[in-house]
Protein chains: 2
Amino acid sequence: MRDIAIGVLSRETGVKVPTIRFYEEIGLMRAPARTGSNRRIYGDDDIRRLKFIRHARDLGFEVDDIRTLISLTERPQAPCAEADSIARRHLATVERRLAQLGALRDELARMVGDCCHGQVCDCRVIEVLADHGQCAGGHG
Amino acid sequence: MRDIAIGVLSRETGVKVPTIRFYEEIGLMRAPARTGSNRRIYGDDDIRRLKFIRHARDLGFEVDDIRTLISLTERPQAPCAEADSIARRHLATVERRLAQLGALRDELARMVGDCCHGQVCDCRVIEVLADHGQCAGGHG
DNA sequence: CCTACAATCTCCAGCGACTGGAGGATCAAG
DNA sequence: CTTGATCCTCCAGTCGCTGGAGATTGTAGG
């Protein structure tokens, strides 16, 4: 078990130092041991854990979900139904966002494409924004 | 010009009352006239403006961009190049997000699909999250 | 006219997920 | 011994809202 300083942990995981401390504060990372001069000492476990957290965040999982996922990794005999359902729920969210974003892109593309590059008073961009009726968008 | 109370404005635009006040605070909505008893009085212009704001927010434009777009609508003779460039920039952002989210969906779908619904120790969801190498994800 | 109750007002704290600065202590290298 | 990097804690700010407290005002019914 190497002794890893927070800066090294940061470099190895790509998570900024203040963010690591923040993760400790909110209980995603456990409070590590300290040196005599009060500096945090991490080990390889912490690198793994932080990479897990970071990866999950990159995938857009919320902190609460990550907390659950981590507690699952600590009970490896537990059925994985819960992990599965978190992932499924998240997948559904992502697919919803994807659909919304696709519609949004189409609308933006149309706005930009139709713009005759003249004056604002004739600008499709402004017009589309001003007239809600032109768009099929939901939101949420 | 009807006299419209903030609650009516809220109902007509789908923007919550505190949000309207917030928009006033940050200068998206102008400060309206008041009644003798200090209540905000809006007009039809304000409905239009708030709908514009809401629509732009729904489309994911940031408040700063909306501020610019609004100031453009108030100079209708100005060339629309700026509105166009804001929309283009936003379109590019949306397309980037869309691509990322697509990759994310694929990864999540794979995670969920590969999960054998057994124990956590064999769970693909957990495994994929733990092993960053398995994923092609960038982030930002 | 009185009573409810709804709507409004201001102020301010909180959300999520960080980010970064101030001001001080400590460490490693030259 | 000095320099500069790193670390510490604390706290305020980011963005775009959201909602509660506590006071006031408007409106409808009895």
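Residue numbers start from 1 in every chain, and the chains themselves are labelled A, B, ... in the order their sequence lines are given, proteins ahead of strands.
For the atom pair CD1 of B:Ile41 and OG1 of B:Thr35, the computed distance is 5.5 Å after rounding to the nearest 0.5 Å. Atom CE of A:Met29 is separated from atom CD1 of A:Ile53 by 5.5 Å, given to the nearest 0.5 angstrom. The distance from atom CG of B:Asp46 to atom CD of B:Glu24, rounded to the nearest 0.5 Å, is 9.5 Å.
C:dC15 atom P lies 17 Å from atom CZ of B:Phe22, rounded to whole Å. Note: CD (B:Glu24) to C1' (D:dC17) measures 15 Å, nearest angstrom. As a whole-Å value, the separation of A:Ile20 CD1 from D:dC8 C1' is 14 Å. Put simply, CZ on A:Phe61 is 18 Å from P on C:dG16, counting in whole angstrom units. Between B:Tyr23 atom OH and D:dG16 atom P the separation is 9 Å, expressed in whole Å. In this entry the distance linking CD1 of B:Ile4 with P of C:dA7 reads 17 Å, nearest Å. Put simply, CG on A:Asp3 is 15 Å from C1' on C:dC27, counting in whole angstrom units. Atom-to-atom, CG of B:Asp65 to C1' of D:dG16 comes out at 14 Å; the value is rounded to the nearest Å.
At a threshold of 4.0 Å, the pair A:Glu74-A:Arg49 counts as salt-bridged, since one of the basic side-chain nitrogens sits closer than that to a carboxylate oxygen. A salt bridge links B:Asp84 with B:Arg88: the distance from a Lys NZ or Arg NE/NH1/NH2 to an Asp or Glu carboxylate oxygen falls below 4.0 Å.
Checking each of A:Thr13, A:Ile20, A:Asp3 against A:Tyr42 for a side-chain contact (heavy atoms from CB on, under 4.5 Å) leaves exactly one that passes, namely A:Ile20.
Here A:Thr19 reaches the OP1 or OP2 of C:dT19: one of its side-chain N or O atoms lies under 4.0 Å away.
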How would you summarise protein contacts on nucleotides 8-13 of chain C per nucleotide, using B for base, S for sugar-phosphate only and - for none, with heavy-atom distances below 4.0 Å?
SSB---

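Nearest-nucleotide assignment on DNA chain D puts the 5′-proximal partner with B:Asp64, out of B:Asp64 and B:Lys16.
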